[in-house]
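Computed from a prediction, not measured in an experiment: that's the story for all the values here. Chain letters run A, B, ... following the sequence lines, proteins first and then strands; every chain starts at 1.
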Amino acid sequence: MSWSILTMLRENPDLLKEHVKKRYMDPSIVDKAHRLDQEWRKLLTLVQEVRHRHNVISREISKVPEPEKQRKIEEAKKLLEELSRLESELKRVEDEREQALLDLPNVVHESVPIGPDDSYNVPVRFWGKPRVWEGYLEQFKQQTEKYGFKVEHEIINWKPVGHADVLENVLGLGNTLKASEVAGSRFYYLFDDLVFLDMALLMYAIDSLTSKGYRLVLPPYMLRHKVMMGVIDLKAFEDAIYKIEGEDLYLIATAEHSLAALHAFEDIPEDDLPLKYVGVSPCFRKEAGAGSRDLKGIFRVHQFHKVEQYVYAKPEDSWSLMEELISNAEDLFRGLELPYRIVNIASGDLGAPAAKKYDLEVWMPAQGLYREMVSCSNTTDWQSYRLKIRLIRRKGMIKEYVHTLNSTAVASTRTITAILENLQNEDGTITVPRALRKYLEAFNKAPRDYIHPVKKEKSP
RNA sequence: GCCGGGGUCGCCUAGCCUGGUAGGGCGCCGGCCUGCUAAGCCGGUGGGGGAAACCCCGCGCGGGUUCAAAUCCCGCCCCCGGCGCCA
């Protein structure tokens, strides 16, 4: 027992409540967990006492002669009746306690801005020289100067075409209508150059991170329920996760899930830490909570490819490793020539697993908005407690849970939308970021400098 | 998917048929002894509750039988071998 949240629940429940309040969640979940934990401990002690009495008698039975023996057996049976009554009560309380503990979100790091929703997110730095259409100047200032940043930008008098239109109408390299007919909305067909671009983005991110010493992993794309519960909260489960019918299997929504599972139920010696991984996988998401947001194009879709960073760390190292992860992602987006800002996510907008989260948001010229491309979280010991991933120190008997962190490196389709808007030229061509050319060269038919609109085959 | 064999405290292994506190070896940690090394001796080395004494649980997982299950019965998971199917 040294899950930081359980320790806080027992030693300072009021402090834990403060953390829950920061998330604008109902603080009574702390009272509930606290009450159930105490009740459980009391009941457990009682059950163990009765079991002890039964064990003592049970052992005596084999040693005593006959008439005595029958009497002891009767006595043991009596105790069993009492025991089974208490045990079913214990089981009930235990289940409730377990659920109450699983309902608790992570604590909130002191550096996290407090506020109920994403309007309280705080940009911490900007990079690049965004192209701002004159009609979006005011909006741009709202997203930069309002926070005290003077961001160098280029004002343009033509409005770039939105990524969804570029995809289907300008380039003609995507078909979401056909996909929605045969699979549903938020699916897509991509063709030719955009497929090469998708592949190149993955290779680019893989190359960059493996060069930095991250171990490359191709993980399972499906996991069991027990494992899924270890990495996400119930709400994410309902909003995001697809289930395989008739099997205890769920499609991963990110390689983060399988990478967390890689060391599930293991003890990790402190000398092995940090363990740094870079996983590549398809991601499957229901987007059930998204409503009708971003229905057009490939910004928010049910499946895409992603390269993901995942780190297991000693608790004392996790905060500096979080900076490393976000800075790795920044390196990638600077290479892609996409102007971005890093945002410190407000307490009310954090997912339950994260103690702190940075988003990397790229300026989208056609929308006049910075939009999320990368999400980087320190989940401290929230996931490792659930997955029983422990830290073994060389000295001392104290058991701890490792800290785990995750961050996007590149999510393919979303990054493609950012390229389509930012590297768009007035003539409708798309400039290929220099950093990707090396990876496109692997394919004979891949684009080199520009992606060109496909010529209309038949004119109406 | 079918047939057979297997899963025991970090590793190896005994116990299972015939139910009665899970034993041994190795490794590791601590202590003792020895002027170094080696050897030897003692203790510890799964999870949980408890301030502690101590207690409970633990033989892949979950049920059942029994006063009592590693051991008997049922279901499931995983590993090995064979057969089948297959990109």
Side-chain angles (χ1 to χ4, degrees), chain A residues 1-13 33-102 218-230 243-250 258 261-273 275 282 381 384-402:
Chain A
M1 203 287 285
S2 80
W3 184 35
S4 61
I5 293 171
L6 183 54
T7 304
M8 191 184 289
L9 179 71
R10 288 181 177 178
E11 292 174 0
N12 196 347
H34 188 64
R35 179 175 54 76
L36 284 165
D37 183 52
Q38 287 190 319
E39 197 180 331
W40 171 75
R41 286 156 84 184
K42 224 191 288 171
L43 207 50
L44 180 62
T45 307
L46 187 58
V47 164
Q48 289 182 343
E49 268 169 31
V50 177
R51 273 210 275 255
H52 176 60
R53 273 151 63 199
H54 177 264
N55 282 346
V56 170
I57 288 178
S58 189
R59 271 175 229 143
E60 285 169 0
I61 287 173
S62 61
K63 291 169 194 148
V64 298
E66 207 16 91
E68 179 83 13
K69 193 173 200 157
Q70 278 311 315
R71 244 189 43 232
K72 293 266 183 203
I73 287 177
E74 284 311 308
E75 202 176 329
K77 281 181 175 170
K78 272 234 174 67
L79 279 174
L80 276 180
E81 276 175 39
E82 189 186 347
L83 188 59
S84 84
R85 231 185 6 256
L86 286 169
E87 274 178 336
S88 63
E89 175 71 1
L90 177 67
K91 177 84 170 68
R92 191 182 61 75
V93 173
E94 199 167 51
D95 289 349
E96 278 186 53
R97 168 189 181 266
E98 180 74 10
Q99 192 51 54
L101 290 181
L102 291 179
L218 194 136
Y221 301 161
M222 302 176 214
L223 296 169
R224 296 202 168 120
H225 181 269
K226 177 174 78 166
V227 177
M228 256 332 182
M229 274 308 294
K243 184 182 192 324
I244 304 293
E245 194 180 5
E247 312 243 5
D248 178 23
L249 284 174
Y250 298 80
S258 326
L262 177 58
H263 292 293
F265 320 113
E266 291 180 10
D267 293 346
I268 304 179
E270 65 173 330
D271 289 349
D272 291 358
L273 295 171
L275 287 164
D381 60 359
S384 60
Y385 167 73
R386 296 173 159 231
L387 289 175
K388 307 297 172 221
I389 308 169
R390 300 209 303 187
L391 166 59
I392 303 302
R393 302 275 189 185
R394 207 199 275 277
K395 295 206 174 73
M397 298 296 288
I398 303 151
K399 299 285 192 341
E400 292 177 82
Y401 291 95
V402 303

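- When the P atom is compared between B/A14 and B/G60, the two are found 14 Å apart, to the nearest whole Å.
- Comparing the P positions of B/G75 and B/C16 gives a spacing of 24 Å, expressed to the nearest Å.
- Looking at heavy atoms from C-beta onward, A/L36 lies out of side-chain contact with A/W40 at the 4.5 angstrom threshold.
- For the atom pair A/K78 NZ and A/L80 CG, the distance stands at 12.0 Å (nearest 0.5 Å).
- For A/K388, the NZ atom sits in a packed shell: over 12 heavy atoms of surrounding residues, nucleotides or ligands are nearer than 6.0 Å.
- Put simply, CG on A/D267 is 22 Å from P on B/G27, counting in whole angstrom units.
- Comparing the same atom, P, in B/A69 and in B/G1 gives a spacing of 33 Å after rounding to whole Å.
- One atom, OH of A/Y385, and another, C1' of B/G48, lie 11 Å apart when rounded to the nearest Å.
- Formation of a donor-acceptor pair under 3.5 Å by the A/S258 side chain with backbone atoms of A/P219 is not found in this model.
- Of the possible polar contacts, none joining the A/H225 side chain to the A/Y250 backbone as a donor-acceptor pair under 3.5 Å is found.
- Separation of the P atoms belonging to B/U18 and B/U71 is 14 Å when rounded to the nearest angstrom.
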Detail all sub-3.5 Å separations between protein N/O atoms and N/O atoms belonging to nucleotides 56-60 of chain B.
unit_1, atom_1, unit_2, atom_2, d
B/C56, OP1, A/H52, ND1, 2.6
B/C56, OP1, A/N55, ND2, 3.4
B/C56, O3', A/R51, NE, 3.3
B/C56, O2', A/R51, NE, 3.2
B/C56, O2', A/R51, NH2, 3.3
B/C57, OP2, A/N55, ND2, 3.0

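- The interatomic distance linking A/E81 (CD) with B/U66 (P) rounds to 13 Å, in whole Å.
- Rounded to whole Å, atom P of B/G49 lies 11 Å from atom CG of A/L101.
- Of the residues near RNA chain B, A/I61 and A/T45, the one whose nearest nucleotide (by heavy atom distance) lies more toward the 5' end is A/T45.
- Taking atom CD1 on A/I57 and atom P on B/U21, their separation rounds to 17 Å, with Å as the unit.
- Ring-plane geometry between A/W3 and A/Y385 is classed as parallel, the angle between the planes falling under 30 degrees on a 0 to 90 degree scale with a further cut at 60.
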Residue pair A/L101, A/L9: steps toward the side chain to side chain contact (heavy atoms under 4.5 Å, CB included) verdict: CA-CA 9 Å; A/L101 290 181; A/L9 179 71; 3.8 Å; yes
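- Secondary-structure stems of RNA chain B, taken as three or more successive Watson-Crick or G-U wobble pairs (i with j, i+1 with j-1) under a 3.5 Å distance threshold, comprise B:1-7 with B:77-83, B:10-13 with B:23-26, B:27-32 with B:40-45, B:46-49 with B:54-57, B:60-64 with B:72-76.
- Comparing the same atom, P, in B/G27 and in B/G48 gives a spacing of 28 Å after rounding to whole Å.
- The structure places CG of A/L44 at 11.0 Å from CG of A/L86, a figure rounded to the nearest 0.5 Å.
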Please list, for nucleotides 68-76 of chain B, all pairs of protein and nucleotide N/O atoms separated by less than 3.5 Å.
unit_1, atom_1, unit_2, atom_2, d
B/A68, O4', A/S58, OG, 3.2

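- Annotation: salt bridge (Lys or Arg N to Asp or Glu O under 4.0 Å) contacts of A/E49 (sequence neighbours excluded): none.
- Here the side chains of A/R10 and A/D37 are in contact, with some heavy-atom distance below 4.5 Å.
- Near RNA chain B, defined here as any heavy-atom distance below 4.0 Å, the residues from residues 68-76 of chain A are A/I73, A/A76, listed numerically.
- Between the P atoms of B/C74 and B/C3, the separation comes to 14 Å (whole Å).
- OP1 or OP2 of B/C78 sits under 4.0 Å from a side-chain N or O of A/R224.
- The salt bridge (charged side-chain N to carboxylate O under 4.0 Å, His left out) analysis of residues 87-96 of chain A, with sequence neighbours excluded, yields the pairs A/R51-A/E87, A/E89-A/R92, A/K91-A/D95, A/R92-A/E96.
- Straight-line distance from the CD1 atom of A/I392 to the P atom of B/G10: 11 Å, rounded to whole Å.
- In this structure, CG on A/L43 lies 13.0 Å from CD on A/Q38, to the nearest 0.5 angstrom.
- Under the 3.5 Å distance criterion, the side-chain polar atoms of A/R386 are matched with a main-chain donor or acceptor of A/L102.
- Atom NZ of A/K226 is separated from atom C1' of B/G62 by 12 Å (rounded to the nearest Å).
- Rounded to whole Å, atom P of B/G49 lies 13 Å from atom CH2 of A/W3.
- One C1' atom belongs to B/G23, the other to B/G15, and the distance between them is 8 Å to the nearest Å.
- Around atom CE of A/M222, no more than 12 heavy atoms belonging to other residues, nucleotides or ligands sit under 6.0 Å away.
- Of the P atoms belonging to B/C33 and B/G46, the separation is 27 Å, rounded to the nearest Å.
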With salt bridge (Lys or Arg N to Asp or Glu O under 4.0 Å) as the test, would you mind laying out the steps for A/R85 and A/E82 before giving the verdict? CA-CA 5 Å; A/R85 231 185 6 256; A/E82 189 186 347; 5.3 Å; no
